[in-house]
Amino acid sequence: MGELSFTPVAASEFAQNVDLLFIALFLLTVLFCVIVFALTIGFVAYYRRGNKVNRKNAPDHNVFLELFWSVIPLGMALVIFVWATQLFATTFAPPKNSKEIFVIGKQWMWHIQHSNGRRENNELHLSVGEPIKLTMISQDVIHAFFVPEFRIQRHVEPGNYTVMYVTPTKPGKYHLYCNMYCGTQHSQMGGWVYVLSKKDYADWAVKGGSKPVAVGGYDTKLGAPSLAQQGASLFEKYDCAGCHNTEGVKAKRAPSLTGIYGTVRNLTNANVIADDAYLRNVLINTDQYVLKGWEGNIMPSYKNILKEEEILAINAYVKSLDGKSVPVTPVGEVGTDANNAADTENQQWRYMYGGEQYK
Amino acid sequence: MSIAVKSKTGGSEHTHAKGTHQQAMVDGEPENYLNTAHTVKSWLLTTDHKRIALLYLISISVFFALGGLAAGVMRAELTGPHGQFLSSESYNKMFSAHGIIMVFFFLVPVVPATLGNFMIPIMIGARDLAFPRLNLFSWYLYLAGGTCALLSILGGGVDTGWTFYTPYSSIYSNGNVALAIVGAFIAGFSSITTGINFVVTIHKMRAPGMSWFKLPLFVWAMYATSVIILLGTPVVAITLLLVLVERTLGIGIFSPELGGDPVLFQHMFWFYSHPAVYIMMLPGLGIINEIIAANTRRKIFGYEFVAFSSIAIAVFGFLVWGHHMFATSQSMYSSIVFSVISFLVAIPSAIKVFNWIATIYKGSVALTSHMYYALSFIGLFTIGGLTGLYLAALAADLHLTATYFVVAHFHYIMVGGALTAFLGGLHLWWPKMTGRMYNEELAKIGALLTFVGFNMTFFPQFIVGYLGMPRRYHYYAPEYQIWNVMSSLGATILGVGFLLPVLYLLHSLKNGEKVGKNPWGAAGLEWTIQSPPVTTNFTETAIVTWDAYEITFESTGGVLNSPEGEMIPEMPELDRALQANSANREEVAR
């Protein structure tokens, strides 16, 4: 049994701001409870049947009074609303220079892909003060990525990228939970977020993420290929270049992929911006994303062939093809390690709730 | 306590007896809806709303016991961070069983189908509901739905939670989801038929003089509830049917693998299930008005405000469903709109609480067992309502949603609110329903135990939720254990608090003291007729000459005194009014 605590650590900018809101809400709750309880108990005691007290001219309505106790709470509620909404809006505004990290939820583990190719399972290492953007997707049911110390969570949905921004401010080790019921081992879908000091993070990056505890963690090898390099390998493996020319020259069988990220694509049914979701969906629902002029050459669907983490790698590769920098090169076969999670239920339980960290 | 009722206003009994026809006797008692027939058939094929209400009361109590049992098992399991005796799979099935039973088979029907069914016709001066056979049919639908759900739970279980979120429920879950959905679907139609019945009855069958603004506020609340049922339940029925179609036929609606949208399910589900919260809550709010009026001998302060606040809650209730989805991919602007409307719901709720307090002011407050329940309702509803603001506030909800904070919040509303109100209403109307008085002292102890046990169970959950413990977690971090142990201890007390009424109420059926028309000295049509009522409720057409809760000779059934058999000495004005009133009446009679 841990020691008694009433508030979790506030370990992000958002957490510190939202805690002020909590304090305001708490004071408001206390204020109203005191008013309601004092009046109720006071009146009941004073006007109890049998007490000889003045009950003359008991009012049965008073419009002014009723408006008074409608409008005052309304005003207070609206103040809270505006305050909370402003804070909420900040969670949709990307901080400058945020580092993108990819999260894949699956029954019942979190798989993390860093842009430099490092992977982690049920662990996330962050550098204090560095804003991050988590781009998340689920491989099966709906999950939710929740770190109480950051005071924020976001659903991780199948078929759709969701985004969450966090700027960690306090080094430490924090629970990572799935907070959307996802099946049998829902309560064990989680692990730890490590917020490291800048020096420790640099250290961790050099050591390639080997970790001492980490029953559920994956030891990424030193010098692992970047996510884009892995994507290049997959591009080769699935022979995408057989149709798609990536050098900017118009290919014969499929449109070029160079420089398409962020541009407007003229599809047969709509004009859409080629964002992350677009890059993903063109691989899955190919018949919905036919480019004008290419109606005769519809790509076969890679649904059930590519895993979400492979799609993320391919996206990273396609995004790297900006026509200016040197294209990344394939690195040979890249294994997926998604199933390196804890092998037994009990191990995962110890890792999350019972292991070394509680001694 | 003496409940024998003697009038001190000379001649009033005599006056009242005038004009009523000779009462038939059965077994030495006046004939009533209970002793008029004793065969099994007379119960199973009855179209008497009072008998149907009792059938509902029995069957709903059974479901409550089962749902409560599941809760007890969960609380026992959660006393340790690594569980005690269940596998994760069984634990998941346990909370799903608890949720499905409590929501669909207890909270939604409990007040409308029992107290509403029994009291609405009586309170508006009708002989029965508008469609008595439909009423009986709704009970059979309830039983059919309940049977499906029980078969699914007992024959393997469901592990989706009561929310049936897709694509888990439609593709991934291995449980008996289809059967449970069929059960909830059928039970939905039972609600719909009850809702139609109430709306038509309240519109068309009010007694002469019973205008809309003379209706007891419980009837207003039930009217608002019925409208929500009629507009909302079909939507959830369709939604569940679509899950069933996807699950059994593989037609893609919600699963992205089949080309569907999983968030669409949440929109459709909460479009009903948020208003469903008000289906559970509004009847409870209505009951509290009746209890407070009866126990303070006052008109409810600001009657019109309270009546319209029920309607306002019903309307707003349909516009806030998105506040369950602030952490999903829902757009920021949708979330903002849903948030501000959610804050607006706080206003009619606050109006109700303050108006009750104003009603107690200068009242003649009797601390009966039902008043205990009403007072504990005010406290718990206030806490439950205020903690709702945390969840309506967008930024705070990003942390709190789906944690134990939410669990605590909605139990304060559902158990602390709806269930407490139901128990209060049951105690208020039990003598009317059965003609017998229960043991008041035990009842007060039960109410106190419930209040204490409830707070001990659910208050720690606010803290552990704020600390970050997710709901629906079988295993949890050891730092949360102390709060969970407290909660489980409280649940034990709460369990005793719920068991006690079952015992003394059943005991009262044979051994309770017989009561007269109006044991509490309250105003309203239901207190003008005999306890228990005759099958047709009224032996002569009721004529309403008083405002809601106005204490007059007629509105109290000729019983002008308090339960102690005395005039209320501290209300001389009322005394004068009553005497003048009865003098008038005598003159008219002459």
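Reckoned from all heavy atoms, side chains included, excluding hydrogens, waters and symmetry mates. The sequence lines fix the lettering, A, B, ..., with proteins before strands; numbering per chain opens at 1.
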What are the two closest non-hydrogen atoms of A/Glu66 and B/Gly302, and how far apart are they?
OE1-CA, 3.4 Å
Can you list the steps and then say if B/Tyr390 with A/Thr29 is a side-chain hydrogen bond (donor to acceptor under 3.5 Å, both in side chains)?
CA-CA 10 Å; B/Tyr390 293 59; A/Thr29 311; 2.8 Å; yes
Would you say A/Asn285 has more than 12 foreign heavy atoms packed within less than 6.0 Å of its CG?
yes
Pairs of heavy atoms under 4.5 Å with chain B: top-ranked of A/Gly190, A/Pro59, A/Cys33, A/Ala144:
A/Pro59
In Å and rounded to the nearest 0.5 Å, what is the OH to CZ distance from A/Tyr181 to B/Arg471?
11.5 Å
Most contacts with chain B, counted as non-hydrogen pairs under 4.5 angstrom, among A/Gly159, A/Pro73, A/Ser70:
A/Ser70
Below 4.5 Å from any heavy atom of chain B, which atoms of A/Gln86 appear? Answer side chain, backbone, both or neither.
neither
Below 4.5 Å from any heavy atom of chain B, which atoms of A/Tyr161 appear? Answer side chain, backbone, both or neither.
neither
Would you say that B/Gln266 contacts A/Ile142 through its side chain, given a criterion of any heavy-atom pair below 4.5 Å between the two side chains?
yes
Selection from A/Val71, A/Ile80, A/Ile41, A/Thr162 maximising heavy-atom pairs under 4.5 Å formed with chain B
A/Ile80
Can you tell me how far apart CZ (A/Phe92) and OG (B/Ser335) are? Round to the nearest 0.5 Å.
6.0 Å
Test item: A/Asn179 side-chain N/O and B/Thr401 main-chain N/O as donor-acceptor pair under 3.5 Å:
yes
Under a 4.5 Å heavy-atom cut-off, does chain A meet the side chain of B/Ile360, its backbone, both or neither?
both
Rounded to the nearest 0.5 Å, the CG atom of B/Asp397 sits from the CZ atom of A/Arg151 at a distance of 14.5 Å
Closest non-hydrogen contact found for B/Ala358 with A/Trp69 is CB-CH2, 3.9 Å
Counting heavy-atom pairs under 4.5 Å with chain A, the top scorer among B/Gly80, B/Gly175, B/Gly379 is B/Gly379
Would you say the side chain of A/Leu74 lies within less than 4.5 Å of the side chain of B/Leu344, judging by non-hydrogen atoms?
yes
Selection from B/Ile351, B/Leu367, B/Ile378 maximising heavy-atom pairs under 4.5 Å formed with chain A
B/Leu367
Can you measure from CE (A/Met180) to CZ (B/Arg472) and round to the nearest 0.5 angstrom?
6.0 Å
Which atoms of A/Thr85 approach chain B - backbone, side chain, both or neither, heavy atom under 4.5 Å
both
If only atom types and distance count, is the side chain of A/Arg49 paired as donor or acceptor with the main-chain N or O of B/Ser364 below 3.5 Å?
yes
Give the minimum heavy-atom separation between A/Val18 and B/Ala396, together with the two atoms involved.
CG2-N, 4.0 Å
Take A/Asp60 and B/Tyr549 through the side chain to side chain contact (heavy atoms under 4.5 Å, CB included) test and state the conclusion after the steps.
CA-CA 11 Å; A/Asp60 59 12; B/Tyr549 310 115; over 6 Å; no
Sort B/Thr403 into side chain, backbone, both or neither according to what part of it lies under 4.5 angstrom from a heavy atom of chain A.
both
Measuring only between side-chain heavy atoms, which start at C-beta, is B/Pro470 closer than 4.5 Å to A/Tyr177?
yes
Can you classify the ring geometry of B/Tyr361 versus A/Phe43 as parallel (below 30°), tilted (30 to 60°) or perpendicular (above 60°)?
tilted
Under a 4.5 Å heavy-atom cut-off, does chain A meet the side chain of B/Val263, its backbone, both or neither?
side chain
Assert top hit (heavy-atom pairs under 4.5 Å, partner chain B, pool A/His61, A/Gln288, A/Gln153) equals A/Gln153
With chain B, which of A/His186, A/Arg154, A/Lys303 has the greatest number of heavy-atom pairs at distances under 4.5 Å?
A/His186
Segment of A/Ala89 engaging chain B (4.5 angstrom heavy-atom cut-off):
both
Quick one: OG1 on B/Thr328 to CD on A/Glu157, what's the gap to the nearest 0.5 Å?
6.0 Å
Answer with side chain, backbone, both or neither: which region of B/Ser173 has an atom nearer than 4.5 Å to a non-hydrogen atom of chain A?
neither
For B/Tyr466 and A/Phe22, take the angle between the two ring planes, folded into 0 to 90°, and tell me which bin it lands in: parallel under 30, tilted 30 to 60, perpendicular over 60.
perpendicular
Do you know which of B/Tyr91, B/Tyr165, B/Trp356 has the most heavy-atom pairs under 4.5 Å to chain A?
B/Tyr165
Does any heavy atom of chain A fall under 4.5 Å from the side chain of B/Ala393, the backbone, both, or neither of them?
both
Heavy-atom distances under 4.5 Å only: say whether A/Phe81 touches chain B with side chain, backbone, both or neither.
both
Validation row: B/Ile357, A/Val36 side chains within 4.5 angstrom (heavy atoms):
yes
May I ask you to check whether A/Phe146 and B/His399 place their ring centers less than 6.0 Å from one another?
yes
Between chain A and each of B/Leu389, B/Val340, B/Ile463, count heavy-atom pairs under 4.5 Å; write down the option with the most.
B/Val340
So, the part of B/Ile300 with a heavy atom under 4.5 Å from chain A: the answer is backbone
Which atoms of A/Val44 are under 4.5 Å from chain B, going by heavy atoms: the side chain, the backbone, both sets, or neither?
both
For A/Met189, is it the side chain, the backbone, both, or neither that has a heavy atom closer than 4.5 Å to a heavy atom of chain B?
backbone
Distance col, row B/Leu398:CG vs A/Ile152:CD1, nearest 0.5 angstrom, shows 5.0 Å
Does any heavy atom of chain B fall under 4.5 Å from the side chain of A/Asn62, the backbone, both, or neither of them?
both
Close side-chain approach of B/Tyr168 to A/Asp140, heavy-atom, < 4.5 Å
no
When the 4.5 angstrom heavy-atom criterion is applied to A/Met164 and chain B, the contacting part is neither
Give a yes or no on whether the backbone of B/Tyr475 and the side-chain of A/Ser187 come within a donor-acceptor separation of less than 3.5 Å.
yes
Greatest number of heavy atom pairs closer than 4.5 Å to chain A - which of B/Leu386, B/Asn92, B/Asp261:
B/Asn92
Which atoms of A/Ile284 approach chain B - backbone, side chain, both or neither, heavy atom under 4.5 Å:
neither
May I ask you to test the B/Val365-A/Tyr46 pair for a side-chain heavy-atom distance under 4.5 Å?
no
Please classify the contact of B/Asn174 with chain A as side chain, backbone, both or neither, using a heavy-atom distance under 4.5 Å.
neither
Please classify the contact of B/Phe254 with chain A as side chain, backbone, both or neither, using a heavy-atom distance under 4.5 Å.
neither
Aromatic plane relationship, B/Tyr480 with A/His175 - under 30° parallel, 30 to 60° tilted, over 60° perpendicular
tilted
